[in-house]
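Please read the structure below before turning to the comments.
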Amino acid sequence: RIGMIYKYFPEDSFFAEAINGIESVAQEKGYHVLIYLTHESLGKEQAILKDFQSGRVDGVLISVTTDTTAAQQGLEQLAKEIPVVFFDRVCEEVTAAKITTDDAAAAYKATAHLVAGGCRNIGLLSASRHLSICNNRTEGFLQALRDHGLPLTETAVVYCTNDNAANHHLLEDAFQQQHYDGIIATTEKLSTAVYLVCEALHLRIPADVQVIGFSNLSTARFLNPSLTTVTQPAFEMGKAAATLLFQALKRSSFPLQEQQQVIPSSLVIRNSTLA
């Protein structure tokens with residue numbers, strides 16, 4: 001059996017696609033996948049890791065919570081005891097295999113697309129100050145602003161929470177005070193939040209605010225207007241993570257901890273942007 005730890009939100013389509021990729025490999029190898037959901041709770045993640053150390057599973061695939069830096073010691077110990085592969089959200093401080101996408105390049109491309117559409121006051125909505133995936137997206141965003149001669153203001157990056165109601169109030173205030181003409185939402189939850197806030201404030205997409213979301217939502221094209229997305233290779237990332245894990249399970253000498261793979265995302269242009 002292998003264990004999979006993931007944050008999971010009901011609307012998170014990345015999760016479903018990644019699971020399909022993982023199971024496409026696990027079923028072929030005759031393994032069962034035990035799915036553990038943290039719901040962004042560090043306490044739950046730590047309890048799951050402790051359970052794994054008791055020998056419940058043969059290997060682990062993990063996408064960490066927004067606060068996982070505090071659990072680094074537990075992850076390091078687990079990676080010494082059984083094969084561990086990080087995917088999507090990784091903990092850079094832990095020596096282990098990692099499957100990621102090109103987050104900085106994807107955010108750069110998204111920002112450049114908004115600039116090409118005429119945006120000059122662009123905001124990035126980030127889910128965490130700690131996660132490398134969020135920091136990489138922020139880095140790509142800020143670099144694109146520099147390269148296009150746009151000012152780097154303190155309000156360019158808005159740090160959001162895991163609470164939907166709190167995010168709604170936070171974004172309402174930010175939109176009213178900063179008058180963004182372009183927004184990049186770095187998670188599916190935040191993409192949905194932007195649409196709701198724009199509706200509440202009577203802001204038209206894309207006439208008043210152009211919007212790009214990091215999202216694998218199959219319904220993105222059915223939103224009004226359809227959402228321009230940075231679409232992540234969720235299935236491919238899940239499949240690649242599982243493939244590495246089973247290589248390590250099959251051959252103890254396989255250098256699992258040295259494995260690093262970056263699978264590119266793609267910008268899918270729809271009607272929420274003008275370029």
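- Counting all heavy atoms, side chain and backbone alike, V194 lies closest to A185 at CG2-CB, 4.4 Å.
- I22 has its side chain out of reach of N20: every pair of non-hydrogen atoms, C-beta onward, lies at least 4.5 Å apart.
- Closest non-hydrogen pair, R1 versus L34, comes out as CD-CD1, 4.0 Å.
- Residues T111 and L145 are in side-chain contact: their nearest non-hydrogen atoms beyond the backbone lie under 4.5 Å apart.
- The main-chain N or O of S132 is never found under 3.5 Å from a side-chain atom of E92 such that the two would form a donor-acceptor pair.
- Proximity of L124 to V158: side-chain heavy atoms (C-beta onward) are nowhere separated by under 4.5 Å.
- Side chains of T95 and E76: a donor-acceptor N/O pair is absent below 3.5 angstrom, by distance only.
- Within the 6.0 Å centre-distance limit, the rings of F246 and Y31 are counted as a close aromatic pair.
- Looking only at side-chain heavy atoms (C-beta outward), I183 and I212 stay at 4.5 Å or farther from each other.
- A donor-acceptor contact under 3.5 angstrom links the side chains of Q143 and D147, judged on distance only.
- A donor-acceptor pair is defined here as one N or O able to donate and one able to accept, closer than 3.5 Å; such a pair exists between the side chain of S24 and the backbone of G21.
- Of all the heavy atoms in S272 and P225, the pair that sits closest is CA-CG, 4.1 Å.
- Contact annotation: the side chain of M4 never approaches that of V60 to less than 4.5 Å [non-hydrogen atoms, C-beta and beyond].
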Go through the steps to decide whether F214 and T187 satisfy the test side-chain contact (heavy atoms from CB on, under 4.5 Å), and finish with yes or no.
-> CA-CA 5 Å; F214 277 72; T187 69; over 6 Å; no
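- Side chain to side chain, Q77 and E81 meet the donor-acceptor criterion of an N or O pair below 3.5 Å.
- Counting heavy-atom neighbours within 6.0 Å of E199 CD, excluding the residue itself, gives a total of 12 or less.
- Checked by atom type and distance alone, the side chain of R270 pairs as donor or acceptor with a backbone atom of L227 at under 3.5 Å.
- Closest of all the heavy-atom pairs between C198 and F175 is SG-CE2, 3.8 Å.
- The closest donor-acceptor contact from the side chain of R89 to the backbone of I133 lies at 3.5 Å or more, if one exists at all.
- Linking ILVMFWY residues whenever their side-chain heavy atoms come closer than 4.5 Å, directly or via other members, places L223 and V209 in the same cluster.
- Under 3.5 Å, the side chains of N216 and T231 contain no donor-acceptor pair of N or O atoms.
- Rounded to the nearest 0.5 Å, atoms NZ (K98) and CZ (F87) are 14.5 Å apart.
- No side-chain donor-acceptor contact under 3.5 Å links E17 to the backbone of P233.
- Using modelled atom types, one finds no donor on one side chain facing an acceptor on the other under 3.5 Å when comparing S215 with S191.
- N135 approaches R129 most closely through the heavy-atom pair OD1-O, 3.4 Å.
- Looking only at distances, a side-chain donor or acceptor of H148 sits under 3.5 Å from a matching main-chain atom of A144.
- Remark: side-chain polar atoms of N167 are paired, donor with acceptor, to backbone N or O of T161 under 3.5 angstrom.
- Without hydrogens or angle criteria, Q210 side chain to G117 main chain gives a donor-acceptor distance under 3.5 Å.
- A donor-acceptor pair shorter than 3.5 Å can be found between the side chains of T155 and Q178.
- With hydrogens and angles left out, the side-chain atoms of H113 and T273 include a donor and acceptor closer than 3.5 Å.
- Heavy-atom minimum distance, V157 versus S126: CG1-CB, 4.2 Å.
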Take I2 and L61, measure what side-chain contact (heavy atoms from CB on, under 4.5 Å) needs, and give me the verdict at the end.
-> CA-CA 8 Å; I2 63 172; L61 303 169; 4.1 Å; yes
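- A donor-acceptor contact shorter than 3.5 Å is absent between the side chain of D102 and the backbone of V262.
- Under the 3.5 Å distance criterion, the side-chain polar atoms of D51 are left unmatched by any main-chain donor or acceptor of A47.
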